[in-house]
Amino acid sequence: MRRSALFLPTERQPPADAEALSHKLMVRAGLVRQLGSGLWSWLPAGWRVHQKVTQIIRKEIDGIGGQELLLPVMQPRELWRRTGRDTIDELFKLQDRKGAEMVLAMTHEEAVTFLVAAAVKSYRDLPKLLYHFQVKERDEPRPRAGVLRTREFIMKASYSFDRDAAGREEQYEAHRRAYARIYDRTGLEWFECESDVGMMGGTVAHEYMAPCPAGEDDVVLAGSYAANLEVASADPQPLALPDDRELIEVHTPGQTTVQQLAGGLGLPAGALLKAFPIVVDDGRLMLVMLRGDHRVNDIKLQNALGATFRPATTEEIAARIGPAGYIGPHGVDVEVLYDAAVGEGPYVIGANAPDRHLRGFRPPAGPRIDIRRVEEGDTVNGVPVRIVPAIEIGNIFKLNTRYSEPLGATYLDESGKEQLIFMGSYGIGPARICAAAVEQFADEQGISWPRAIAPWEVNLLSLGKGGTPERAAADGLYADLRGAGVEVLYDDRDTGNGEKFAEAELLGCPLRLTLGKRSAESGVVEAQVRRGRTDLDGGVPLQDAPARVKSVLETLP
RNA sequence: CGGGGCGUAGCUCAGCCUGGUGGAGCGCCGCGUUUGGGACGCGGAGGUCGCCGGUUCAAGUCCGGCCGCCCCGACCA
């Protein structure tokens with residue numbers, strides 16, 4: 001591609017409202033432009049990156065037996081009514097000219113299950129794996145960070161159909177293997193995490209996370225352990241407790257926070273028990289107890305309760321337990337739930353009386369439930385955890401009969417008996433892979449693409465103007481490289497050299513070749529690897545440049 | 001949905017408080033000089049000041065309403 005002909009509107013300054021690095025750089029480099037909130041156009045160079053990602057995905061899903069098709073974005077709302085998902089806030093709803101209720105699909109379980117329900121009749125038709133790359137529409141409450149969270153985006157979605165759970169399990173595992181190959185091939189740093197199933201339904205779920213500063217989730221990492229902070233568990237930091245033998249009341253005026261109390265008593269925060277009063281959705285008031293240095297993980301608590309909850313109000317606390325800031329489990333008439341990290345004690349707790357705490361409290365033996373948030377300093381199998389922000393770049397769900405049941409997707413088994421089809425669904429967001437790659441590898445100068453998804457492998461800069469010998473040599477090299485099948489962006493413009501260098505670094509192709517007067521005279525082209533901006537020793541001789549460039553590319557990340 | 005901020009040239013912004021001939025830098029076009037890190041000179045084009053209404057002799061500026069966009073939180077398969 002000749003730069004002079006390329007539609008690549010670069011900007012010297014980032015958009016005023018951009019915050020995330022990938023947002024700034026992708027706009028500056030001319031890869032994407034915003035049309036409205038959460039609505040983005042992909043320009044030619046950006047679309048090349050997107051296409052490279054989708055092609056990697058396509059090959060790997062084909063490799064596990066996937067068959068590509070295309071399902072509609074606009075769908076009858078009735079279909080969604082049947083699965084109970086037509087009232088989701090994020091779902092765009094609209095009417096056609098006749099007043100018929102429609103929705104814009106945020107995912108395609110309904111459409112594909114409808115299709116399969118009508119077309120699959122016999123156990124002989126199974127298993128099947130269908131997938132597509134299709135636009136998903138989501139009325140996000142808050143789109144953000146460029147293309148990281150948008151209202152319209154392309155997703156690779158595959159859907160597996162099997163006779164039973166065993167078959168579905170096979171396809172689920174096949175996807176885990178394919179996903180590992182896909183993310184490895186993109187060149188990203190990534191993790192497979194256990195995750196919450198959310199409103200997707202089904203049982204088990206894994207999500208695929210790319211660590212990056214603009215990430216919206218937090219991932220807990222320790223050795224081979226990786227889990228979304230929403231569901232992560234770890235061993236708490238051990239701590240030395242005082243050797244209080246009996247329960248004694250202590251006077252603690254004004255010490256209503258863990259910090260104040262720990263400071264006042266000269267104890268570590270973990271020697272205190274924090275009381276978190278909640279009201280479960282059935283109206284029960286409960287006291288959740290956890291170590292003073294720990295915090296409640298709302299999602300884990302909700303999953304443990306099997307119900308939603310809210311923090312109790314000060315009035316509710318005062319009426320049933322004690323004065324806020326001084327409440328504890330001793331002698332109260334409400335259900336008490338102890339976190340798994342609470343040991344034998346002794347601990348300091350609120351005395352349920354103003355300005356009073358109790359030392360030497362030993363919690364009763366009994367059930368413990370892990371409902372705390374993993375903290376820095378925790379360990380998993382002895383390995384300290386790291387908590388890093390990450391962006392979700394894919395997920396897989398075991399749907400089982402969540403959709404086949406409401407939509408009547410069944411088949412006849414060997415004995416002629418009607419059976420429900422077991423499903424799985426598997427998503428990947430190529431745009432997020434693009435943005436995560438920018439986030440992970442960019443430096444002060446700009447983007448540094450992994451080779452597998454770079455818009456072009458090579459960025460050839462001609463420093464000479466038209467008519468000069470060095471321009472003629474660059475033209476020749478461009479032709480040779482193309483002839484050899486190298487993807488090359490050729491900067492053939494008559495602009496300043498500094499501008500060419502700066503733009504090449506902003507755009508981030510893995511290898512830069514520079515051909516100026518020097519090269520024309522010496523017969524050697526200068527070559528610089530974008531990642532780390534390291535010059536290639538000795539450059540690349542013009543004579544067998546294509547072969548040499550190809551072998552250099554092989555070695556690049 | 002709660003909180004905060006912003007809307008003036010293609011981009012980044014000043015001008016608004018204190019109403020009176022719409023500006024800068026970059027980019028763009030032309031000419032010339034330059035040419036290994038966003039170079040320089042001269043000339044030029046480009047604006048319904050987000051929209052609607054009000055106040056006023058006069059509104060980019062003051063007032064009201066609306067729309068749009070960003071950030072934090074809530075929310076988010």
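Just so it is clear: chains get the letters A, B, ... in the order the sequence lines come, proteins before strands, and each one is counted from 1. The structure displayed is predicted, hence computed values, not measured ones.
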Both distances below 3.5 Å, Watson-Crick or wobble geometry, any strand: find the nucleotide opposite rG43(B).
rC29(B)
Same-atom distance (C1') from rG2(B) to rG19(B), integer angstrom
36 Å
For atom C1', what is the distance between rC13(B) and rG47(B), given to the nearest Å?
15 Å
L39(A) or P14(A): which one's nearest nucleotide on RNA chain B is closer to the 5' end?
P14(A)
Checking all strands, does A145(A) fall into the base, sugar-phosphate, or nothing category for heavy-atom contacts under 4.0 angstrom?
sugar-phosphate
Side-chain donor-acceptor pair under 3.5 Å between Y403(A) and R85(A), yes or no?
yes
Per atom distances to the E19(A) side chain, the nearest of rC71(B), rC11(B), rA74(B) is rC71(B)
Please measure how far the C1' atom in rC52(B) lies from the corresponding atom in rG7(B), and state the result in whole Å.
16 Å
rU35(B) pairs with, by Watson-Crick or G-U criteria that keep both distances under 3.5 Å
none
What integer number of Å spans the C1' atoms of rG53(B) and rA59(B)?
13 Å
rU8(B) versus rG73(B) - spacing of their P atoms, nearest Å:
27 Å
Short side-chain N/O contact from S37(A) to OP1 or OP2 of rG68(B), under 4.0 Å:
no
Starting at CG of L91(A) and ending at P of rC75(B), how long is that distance when rounded to a whole Å?
20 Å
Euclidean distance for P, rC63(B) against rC16(B) (whole angstrom)
14 Å
Return yes when atom CZ of F501(A) has more than 12 non-hydrogen atoms of other residues, nucleotides or ligands closer than 6.0 Å, and no otherwise.
yes
L25(A) CG - rC11(B) P separation (whole Å)
19 Å
In whole angstrom, what separates I299(A)'s CD1 from rA74(B)'s P?
11 Å
Paired with rG73(B) by Watson-Crick or G-U wobble geometry, both distances under 3.5 Å: which nucleotide is it?
rC1(B)
When the ring planes of H50(A) and W47(A) are compared, do they come out parallel, tilted or perpendicular, using 30° and 60° as the limits?
parallel
Within the structure shown, what part of the strands sits under 4.0 Å from G464(A) by heavy-atom distance: base, sugar-phosphate, or nothing?
nothing
Table please: side-chain donor-acceptor pairs of residues 473-480 of chain A below 3.5 Å, with sequence neighbours left out.
from, atom 1, to, atom 2, distance (Å)
D475(A), OD1, Y490(A), OH, 2.6
Y478(A), OH, M1(A), N, 2.9

Tell me: CD of Q13(A) to P of rC28(B), nearest whole Å?
14 Å
Say whether S448(A) and R530(A), considering side chains only, have a donor N or O and an acceptor N or O under 3.5 Å apart.
no
If the P atom of rC76(B) is compared with that of rU18(B), how far apart are they to the nearest Å?
46 Å
Is there a Watson-Crick or G-U wobble partner for rA9(B) with both distances under 3.5 Å, and if so, which one is it?
none
Between CG of D298(A) and C1' of rA74(B) the distance, given in whole Å, is 12 Å
For rC76(B), does either OP1 or OP2 sit under 4.0 Å from a side-chain N or O belonging to R149(A)?
no
Paired with V147(A), the side-chain contact (heavy atoms from CB on, under 4.5 Å) test is passed by just one of V27(A), L31(A), V32(A), namely V32(A)
Roughly how far apart, to the nearest Å, are rC71(B) and rA39(B) at atom C1'?
38 Å
Considering only rC11(B), rC71(B), rC75(B), which nucleotide approaches the side chain of E90(A) most closely?
rC75(B)
Please report the closest heavy-atom contact between A436(A) and I393(A), naming both atoms and the distance.
CB-CG2, 4.5 Å
Return the value, rounded to whole Å, for the distance between atom CG of D139(A) and atom P of rC75(B).
17 Å
Scoring nucleotides 34-40 of chain B by protein non-hydrogen atoms under 4.0 Å (B base, S sugar-phosphate only, - none) yields BBBBB--
Q34(A) CD to rG68(B) P, straight-line distance once rounded to whole Å:
13 Å
Are any of the side-chain nitrogens in E109(A) or R402(A) under 4.0 Å away from the carboxylate oxygens of its partner?
no
H23(A) NE2 to rC69(B) P: how many Å, rounded?
13 Å
Paired with rC17(B) by Watson-Crick or G-U wobble geometry, both distances under 3.5 Å: which nucleotide is it?
none
Is there a donor in the side chain of R33(A) and an acceptor in the side chain of S41(A), or the other way round, less than 3.5 Å apart?
no
5' precedence on RNA chain B between N395(A) and D17(A) (nearest-nucleotide basis)
D17(A)
Look through every strand shown and name the nucleotide pairing with rC51(B) as Watson-Crick or G-U wobble, where both distances are under 3.5 Å.
rG65(B)
